[in-house]
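Let me begin by presenting the structure, written as structure tokens, before commenting on it.
Sequence lines set the chain letters: A, B, ... in the order given, protein chains first and strands last, and positions in each chain run from 1.
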Number of protein chains: 2
Amino acid sequence: MIDATLIARPVTTAQQVHDWLHQRILRGDLPPGARLSETDIADQIGLSRQPVREAFIRLASDGLAEVRPQRGTYIGKISARAVLSARLIREAVESDLARMVAGRQADLAAMEAELGVQDRANARGDVAEFIASDDRFHGAMALAAGQAAVWQDLERLKSQMNRLRHMSMRVFDRSETIGQHRAILTALQAGDADAAETAVRTHLRQMLTELPQIAAAHPDYFTD
Amino acid sequence: MIDATLIARPVTTAQQVHDWLHQRILRGDLPPGARLSETDIADQIGLSRQPVREAFIRLASDGLAEVRPQRGTYIGKISARAVLSARLIREAVESDLARMVAGRQADLAAMEAELGVQDRANARGDVAEFIASDDRFHGAMALAAGQAAVWQDLERLKSQMNRLRHMSMRVFDRSETIGQHRAILTALQAGDADAAETAVRTHLRQMLTELPQIAAAHPDYFTD
DNA sequence: TATACCATACTTCCATACCAGTAAAGTCTT
DNA sequence: AAGACTTTACTGGTATGGAAGTATGGTATA
């Protein structure tokens, strides 16, 4: 048995450049508003400008960069409007997913496991790992609802939120987040759809209070 | 007062090529699975391959095309999984939006107007206009909820569904769709959040019955 | 001092040439 | 005739050069 994802995947250089930059942007290594230069990056990694340019185009499609013709390419600032929109969508979708999970006998072991990971990451102050585990927790819920594809579709929206979270994580205590996660899981285990929905909405509304504070602390990283 | 959107908008050739192909794909002029050739299109519109190539990259990011390195570029087939995922997301989000609209004194004139447009388009058999009006109807609801940005974020997902609808519209009678739209509007006007949510969910679940029939009629246009 | 102008040094955008991988037609061998 | 191998004609991927537009800083002028 051959893994089709391997034979069908001659990853191009442009794709690798894109992935590299994508990760750096999400982690906050490349701050919002920073300037990107085709030539600089090309020289830096020993390539021609072309693959770098194509990576920029992909980033722009991701909503992470902005190419201004004949002017320059910049890391997109975090749009408060976009974050709020993404949050609303997640709340709506994950509420429904939670109801679906609560209504069936789903395997919740994966979600349970992530709670432990988050405890340890929080204790270590490992921001990146905490965020990754947080994502896996929510992804596991989508999987338990039999809707893995839905989680994939939200990727683009999650990107914007994750950039914000890399900033907020350094400011806020995450034990509260873990508690909210546990509340969700408990409701799901009890098969209580109403409680699960409430827990999900409460959890995702947390960002409504955090966003203004983060934005106030880094005004140059945001647009309205 | 100068319109900033005008001075800041030197539309590149690649962008125009992208928009052109994007529209043709959504309208079904370019059928799923069709082959795209950089050289063919470049010759056809009198350009070099480069801008066409960059348009392909954008289309791939849109999820409308697939670039297979060293093999060829193809119009993406319609993924049944993706359509179902998009449908679920829309049902979740628009349910919440409907509740928001029902709970406030919103201006619903725009939605009302689209119902008339749909009546006339349906009578004429104008598929494209009907779909456009359908989109505007749902978009007006998002606007009435004060969440225009949310509707923008769903654009990518709507693309996949719209391709499907261009096929289904020729098969199904749309008067039922109009009736469902009216049910939504009536509930909103009455300020009945529960009825509005139910009407929205009923309306968007229509696709669950249509998708299998469309897919069966055009098996070569779909992947699982 | 303030302002208009202009030369210059960038930037991205597009055209062209070349490279590498794929697939299918054609040829040879058995 | 059937199979394996070779050739050839494509495909997209990358490199490079120059064109077009923009920002910047200096300079002349009022």
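- Residue Ala14(B) has its side chain nearest to dC14(C) when only dC14(C), dG12(D), dC13(C) are considered.
- Asp134(B) pairs by the salt bridge (charged side-chain N to carboxylate O under 4.0 Å, His left out) definition with Arg165(B), not counting sequence neighbours.
- Contact annotation: Thr73(B) reaches the phosphate of dG12(D) (side-chain N/O to OP1 or OP2, under 4.0 Å).
- Taking for each of Asp40(A) and Gln15(B) the nucleotide of DNA chain C with the nearest heavy atom, the 5'-most of the two is the partner of Asp40(A).
- Pairs engaging residues 78-95 of chain A under the salt bridge (charged side-chain N to carboxylate O under 4.0 Å, His left out) rule: Arg81(A)-Asp224(A), Arg87(A)-Glu91(A), Arg90(A)-Glu94(A), Glu91(A)-Arg201(A), Glu91(A)-Arg205(A) [sequence neighbours left out].
- Gln206(B) meets the side-chain contact (heavy atoms from CB on, under 4.5 Å) test with Glu176(B), Gln180(B), Thr209(B), Glu210(B); sequence neighbours excluded.
- Distance, Tyr74(B) OH to dT22(C) P: 13 Å, rounded to whole Å.
- If one axis is set at each end of the helix from dT1(C)-dA30(D) to dT30(C)-dA1(D) from five pairs, those axes are 10° apart, to 10°.
- Close to dA23(D), at under 4.0 Å from its OP1 or OP2, lies a side-chain N or O of Arg71(A).
- With no hydrogens or angles considered, a side-chain donor-acceptor pair links Thr177(B) and Arg174(B) at under 3.5 Å.
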Interface polar pairs with nucleotides 15-17 of chain D, N/O, under 3.5 angstrom:
residue, atom, partner, partner atom, Å
dA15(D), OP2, Ser48(A), N, 2.9
dA15(D), OP2, Ser48(A), OG, 2.4
dA15(D), O5', Ser48(A), OG, 3.2
dG17(D), O6, Arg49(A), NH2, 2.5

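- Each of Thr39(A) and Thr13(B) has a nearest nucleotide on DNA chain C; the 5'-most of these lies closest to Thr39(A).
- Side-chain N/O atoms of Arg68(A) include none lying less than 4.0 angstrom from OP1 or OP2 on dT12(C).
- As a whole-Å value, the separation of Arg53(B) CZ from dC19(C) P is 17 Å.
- For Arg53(A), the side-chain contact (heavy atoms from CB on, under 4.5 Å) criterion is met by Glu38(A), Gln50(A), Glu54(B), not counting sequence neighbours.
- Between the side chain of Asp62(B) and the backbone N or O of Leu64(B), no donor-acceptor pair lies under 3.5 Å.
- Note on Ile57(A): nothing from the nucleic acid sits closer than 4.0 angstrom, heavy atoms only.
- Of the N and O atoms on the side chains of Asp40(B) and Gln44(B), not one donor lies less than 3.5 Å from an acceptor on the other residue.
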